[in-house]
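Reviewing the structure listed below.
Counting starts at 1 for both ligands and their atoms, in listed order. These values consider heavy atoms only, across backbone and side chains, with no hydrogens, waters or symmetry-generated copies.
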Amino acid sequence: MSIHSETIQMDIYQSGDEAAKLLPISFEEWENRAKKILAAAPFGYVYGAAGAGNTHRANVDAFQKYRLRPRVCCDVSKLDLSISIFGTKFPVPFLLAPIGVNTILHSDGELAPAKAAAKLGVPYILSNVSSVPMEQVAETMQDGVRWFQMYPPKDHDLTKSFLKRAEASGFTAIVVTVDSTLLGWRETDLRNAYLPFLTGQGMGNYFTDPVFCSKLKEAPDKNVKEAALKALEEGNNTCFTWKELDFIREHTRLPVLIKGITHPDDAILALEHGVDGIIVSNHGGRQLDGAVATLDSLPSICEAIQGKIPIILDSGIRRGADILKAIALGASAVLIGRPYAYALAVAGETGVEEVIRHLVAETELQLAISGRSSIQEVDQSLIIKVK
Ligand SMILES: Cc1cc2nc3c(=O)[nH]c(=O)nc-3n(C[C@H](O)[C@H](O)[C@H](O)COP(=O)(O)O)c2cc1C
Ligand SMILES: O=C(O)C(=O)c1ccccc1
């Protein structure tokens with residue numbers, strides 16, 4: 001990656017350019033700006049969490065239980081943020097999380113984060129419920145690394161079709177999200193009576209799928225509501241068990257990651273069922289309220305997995321310090337969620353690019369000021385638990 005902290009930081013300091021000053025720097029500023037720009041319902045869809053929002057708060061608060069304890073007088077003149085997953089080297093220790101239905105945030109939909117990620121060499125995980133079909137996202141990303149996230153459909157033919165399309169369009173891993181076979185109790189969205197899928201948004205992959213369309217009475221453009229309800233029904237796969245995961249495992253040659261694990265026993269089961277990676281996630285607190293923070297569940301999962309497969313963490317990552325703390329506790333990488341969603345709403349592709357660039361710069365500076373020169377040197381000795 002050709003972006004480095006010094007250049008990014010000095011560019012910002014030195015720019016007398018008004019345009020640069022117009023875009024936010026902090027997470028809170030992006031969030032506030034998104035709130036001003038968006039209508040209440042789409043903003044609430046991103047901001048909202050399940051129930052009282054306790055899981056969401058716990059995710060963020062968990063990072064404050066740990067402090068970085070820097071070493072000094074270390075040679076940090078050469079810095080390396082790169083990591084390696086499934087034998088592929090990535091320039092930075094984060095990926096963009098799958099976030100669906102991006103047209104509620106920006107008219108470019110998923111094409112904007114996809115392009116920003118590809119431009120900066122950051123892998124992009126495309127949501128199953130993207131507004132733009134996966135083939136179009138693939139085309140816009142060219143050689144950019146992309147993974148496809150799937151809400152496992154009830155219909156095995158549809159599952160096979162999604163897998164086949166993802167493979168054919170150059171996605172290099174499948175992320176199976178297992179924490180959302182039912183939609184959580186989301187009070188903000190209920191208050192706004194807002195579920196964007198019902199009007200056909202976020203249906204890019206379903207409405208272009210030959211298997212899905214073959215099972216509808218009328219084409220999606222003739223009866224959007226019927227088609228959308230059918231897609232949601234496919235996702236409400238409450239019969240999903242490890243057996244269904246085996247089915248997915250058997251029907252793709254790509255690495256399979258399971259997203260939504262917070263219990264070490266599930267991590268072990270996932271490993272036994274042949275997954276290649278685990279994403280410790282509680283969906284940003286959007287599913288189960290009152291649940292354990294992902295950072296709090298990470299150590300037990302790392303202990304259970306014993307380094308056999310990569311463990312990625314999301315939910316609550318806002319800044320460089322959070323990234324380093326997750327890695328110090330055993331994560332191989334993290335996913336960035338809401339920060340880029342707000343940036344997308346504020347400034348489209350440019351906004352997402354800015355968020356990525358700032359996170360790279362901050363993480364690199366944090367690493368150096370901690371006295372470490374590479375992500376490989378980040379381990380438990382970097383942090384202490386303070387409460
Ligand atoms: C608006 C929104 C839509 C999301 N859509 C998906 C999705 O389609 N698939 C998925 O696996 N996770 C989805 N997630 C969860 C994210 O992948 C990620 O787990 C979460 O955003 C992490 O929490 P954080 O944003 O608070 O850091 C969504 C999250 C948000 C905020
Ligand atoms: O909004 C979400 O968090 C999300 O990922 C989702 C989308 C559709 C059905 C279930 C969850």
Beyond-backbone contact of Tyr340 with Arg338, side-chain heavy atoms, under 4.5 angstrom
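Not touching, per the 4.5 Å side-chain cut-off.
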So, the side chain of Glu244 versus the backbone of Thr241: is there a donor-acceptor pair under 3.5 Å, distance only?
yes
Using modelled atom types only, decide if a donor and an acceptor are shared between the side chain of Gln287 and the backbone of Asp179 within a distance under 3.5 Å.
yes
Could you find the nearest protein heavy atom to [atom] and give me its residue, atom name and distance?
| atom | value |
| --- | --- |
| atom 1 (O) of ligand 2 | Tyr45 OH, 2.4 Å |
| atom 4 (C) of ligand 2 | Tyr151 OH, 3.2 Å |
| atom 9 (C) of ligand 2 | Leu183 CD1, 3.9 Å |
| atom 7 (C) of ligand 2 | Phe197 CZ, 3.5 Å |
| atom 3 (O) of ligand 2 | Arg286 NE, 2.7 Å |

Identify the residue among Lys119, His358, Lys115 that makes a side chain to side chain donor-acceptor pair (under 3.5 Å) with Glu353.
Lys119
Positive for side chain to side chain donor-acceptor pair (under 3.5 Å) with Asp155, one of Lys230, Lys160, Lys215:
Lys215
Is it the side chain (CB and beyond), the backbone, both or neither of Arg186 that lies under 4.0 Å from ligand 2, heavy atoms counted?
side chain
Between Gln287 and ligand 2, which residue portion shows a heavy-atom distance shorter than 4.0 Å: side chain, backbone, both, or neither?
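Answer for Gln287: neither.
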Can you produce the list of protein nitrogen or oxygen atoms under 3.5 Å from a nitrogen or oxygen of ligand 1, alongside each distance?
residue, atom, partner, partner atom, Å
ligand 1, 5 (N), Gly100, N, 3.2
ligand 1, 8 (O), Ser127, OG, 2.7
ligand 1, 8 (O), Tyr151, OH, 3.4
ligand 1, 9 (N), Gln149, OE1, 3.0
ligand 1, 9 (N), Tyr151, OH, 2.9
ligand 1, 11 (O), Thr177, OG1, 2.8
ligand 1, 11 (O), Lys259, NZ, 3.0
ligand 1, 12 (N), Pro98, O, 3.3
ligand 1, 12 (N), Lys259, NZ, 3.0
ligand 1, 12 (N), His283, NE2, 3.4
ligand 1, 14 (N), Pro98, O, 3.3
ligand 1, 14 (N), His283, NE2, 3.4
ligand 1, 17 (O), Pro98, O, 2.8
ligand 1, 17 (O), Lys259, NZ, 3.0
ligand 1, 19 (O), Lys259, NZ, 3.1
ligand 1, 19 (O), Ser281, OG, 3.4
ligand 1, 19 (O), Asp314, OD1, 3.3
ligand 1, 19 (O), Asp314, OD2, 2.6
ligand 1, 25 (O), Arg338, N, 2.7
ligand 1, 26 (O), Arg318, NH2, 2.7
ligand 1, 26 (O), Arg338, NH1, 2.6
ligand 1, 27 (O), Gly316, N, 3.0
ligand 1, 27 (O), Arg318, NH1, 2.9

Which atom pair, heavy atoms only, marks the closest approach of Ser281 to His283?
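Heavy atoms only, the tightest pair is OG-N, 2.9 Å.
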Grab the two heavy atoms, one from Val346 and one from Leu23, that are nearest each other, plus how far apart they are.
CG1-CD2, 4.4 Å
Consider every N or O of Ser180 and every N or O of ligand 2, then say whether any pair is closer than 3.5 Å.
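By distance alone, the answer is no.
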Let's go through Thr350 and Glu354 carefully: what are the C-alpha distance in whole Å and the side-chain angles of both, what is the deciding distance for side-chain hydrogen bond (donor to acceptor under 3.5 Å, both in side chains) to 0.1 Å, and is it a yes or a no?
CA-CA 6 Å; Thr350 310; Glu354 283 293 277; over 6 Å; no
Quick test of your reading: applying salt bridge (charged side-chain N to carboxylate O under 4.0 Å, His left out), list the pairs with at least one residue in residues 180-190, sequence neighbours left out, ordered by first then second residue.
none
When Val175, Leu257, Ile278 are each screened for side chain to side chain contact (heavy atoms under 4.5 Å, CB included) with Ile312, the one that passes is Leu257
